[in-house]
Amino acid sequence: VSKSQHEHVKKQLAAIKKSKDIKKLLGDTIKERRKKKLKGGLGLIRLASETKAKTSVRYNSKSSRMSITAKLSIREEDL
């Protein structure tokens with residue numbers, strides 16, 4: 001991926017982490033994407049909204065690879 005694509009994803013993750021109401025952010029994003037007739041682009045917000053996973057992104061400029069990591073805490077009683 002390009003550096004600008006990485007920066008875009010990094011900015012999205014920052015907005016997700018900063019959001020006080022992730023469900024509202026998801027709804028607002030869906031409405032905005034529908035207006036623009038865009039498809040997809042909801043994966044990271046859905047992940048955060050539905051699982052409460054902690055996400056991070058890394059970029060390797062030598063290989064132009066981006067890695068997105070999601071960490072999820074599971075309590076024993078949830079198993």
Side-chain angles (χ1 to χ4, degrees):
V1 300
S2 69
K3 185 68 175 166
S4 65
Q5 288 170 313
H6 168 255
E7 290 300 324
H8 178 74
V9 170
K10 191 173 161 183
K11 187 185 288 186
Q12 285 182 311
L13 285 178
I16 291 168
K17 289 177 183 179
K18 183 179 172 184
S19 176
K20 300 223 185 282
D21 186 347
I22 193 72
K23 300 257 187 222
K24 182 177 180 332
L25 177 63
L26 177 61
D28 292 346
T29 303
I30 290 171
K31 288 176 191 172
E32 186 63 30
R33 293 187 69 75
R34 278 191 189 145
K35 280 185 204 172
K36 295 180 180 179
K37 298 185 180 184
L38 299 173
K39 294 184 179 182
L42 301 172
L44 294 174
I45 297 173
R46 285 192 62 206
L47 179 69
S49 174
E50 295 172 9
T51 67
K52 307 292 189 258
K54 304 276 189 227
T55 54
S56 62
V57 62
R58 289 186 304 162
Y59 182 71
N60 183 319
S61 57
K62 290 182 182 179
S63 65
S64 296
R65 291 187 184 209
M66 177 173 55
S67 298
I68 300 171
T69 304
K71 292 184 180 180
L72 180 63
S73 296
I74 300 175
R75 299 177 303 188
E76 189 172 323
E77 60 266 18
D78 293 336
L79 297 177

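Predicted model, so just to flag it, every value in this text is computed and none were measured.
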Minimum heavy-atom separation for [X] and [Y], please, with both atom names.
X     : Y     : answer
Leu26 : Ser49 : CD2-OG, 3.9 Å
Thr51 : Leu72 : O-CD1, 3.0 Å
Ile16 : Ala48 : CG2-CB, 3.5 Å

Under the rule for side chain to side chain donor-acceptor pair (under 3.5 Å), what residues qualify as partners of Glu7, not counting sequence neighbours? none
Contacts of Arg33 that satisfy side chain to side chain donor-acceptor pair (under 3.5 Å) - sequence neighbours left out: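 Arg33 satisfies side chain to side chain donor-acceptor pair (under 3.5 Å) with no other residue.
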Which residues pass the salt bridge (charged side-chain N to carboxylate O under 4.0 Å, His left out) test with [X], not counting sequence neighbours?
X     : value
Glu76 : none
Arg58 : none
Lys36 : Glu32

At what distance, to the nearest 0.5 angstrom, does [atom1] of [X] lie from [atom2] of [Y]?
X     : Y     : atom1 : atom2 : result
Lys52 : Ser73 : NZ    : OG    : 13.0 Å
Ile68 : Lys10 : CD1   : NZ    : 13.0 Å
Ile30 : Leu25 : CD1   : CG    : 10.0 Å
Lys24 : Thr29 : NZ    : OG1   : 9.5 Å

Answer yes or no: are there more than 12 heavy-atom neighbours, outside Lys11 itself, under 6.0 Å from its atom NZ?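 Counting other residues, nucleotides and ligands, NZ of Lys11 stays at 12 neighbours or fewer.
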Around atom NZ of Lys3, are there more than 12 heavy atoms of other residues, nucleotides or ligands at under 6.0 Å? yes
Whether Ser19 side chain and Ala15 backbone form a donor-acceptor pair below 3.5 Å: no
I'd like to check the side chain to side chain contact (heavy atoms under 4.5 Å, CB included) partners of Ala14; sequence neighbours left out, ordered by chain and number. none
Do the side chains of Leu42 and Val57 join up, straight or via other hydrophobic residues, at under 4.5 Å, putting them in one cluster? yes
Give a yes or no on whether Ile22 and Leu47 share a hydrophobic cluster (residues Ile, Leu, Val, Met, Phe, Trp, Tyr; joining criterion: side-chain heavy atoms under 4.5 Å apart). no
Beyond-backbone contact of Lys17 with Thr55, side-chain heavy atoms, under 4.5 angstrom: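 They are in side-chain contact.
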Check the pair Ser64, Tyr59 against side-chain contact (heavy atoms from CB on, under 4.5 Å), reporting the backbone distance first and the verdict last. CA-CA 7 Å; Ser64 296; Tyr59 182 71; 3.8 Å; yes
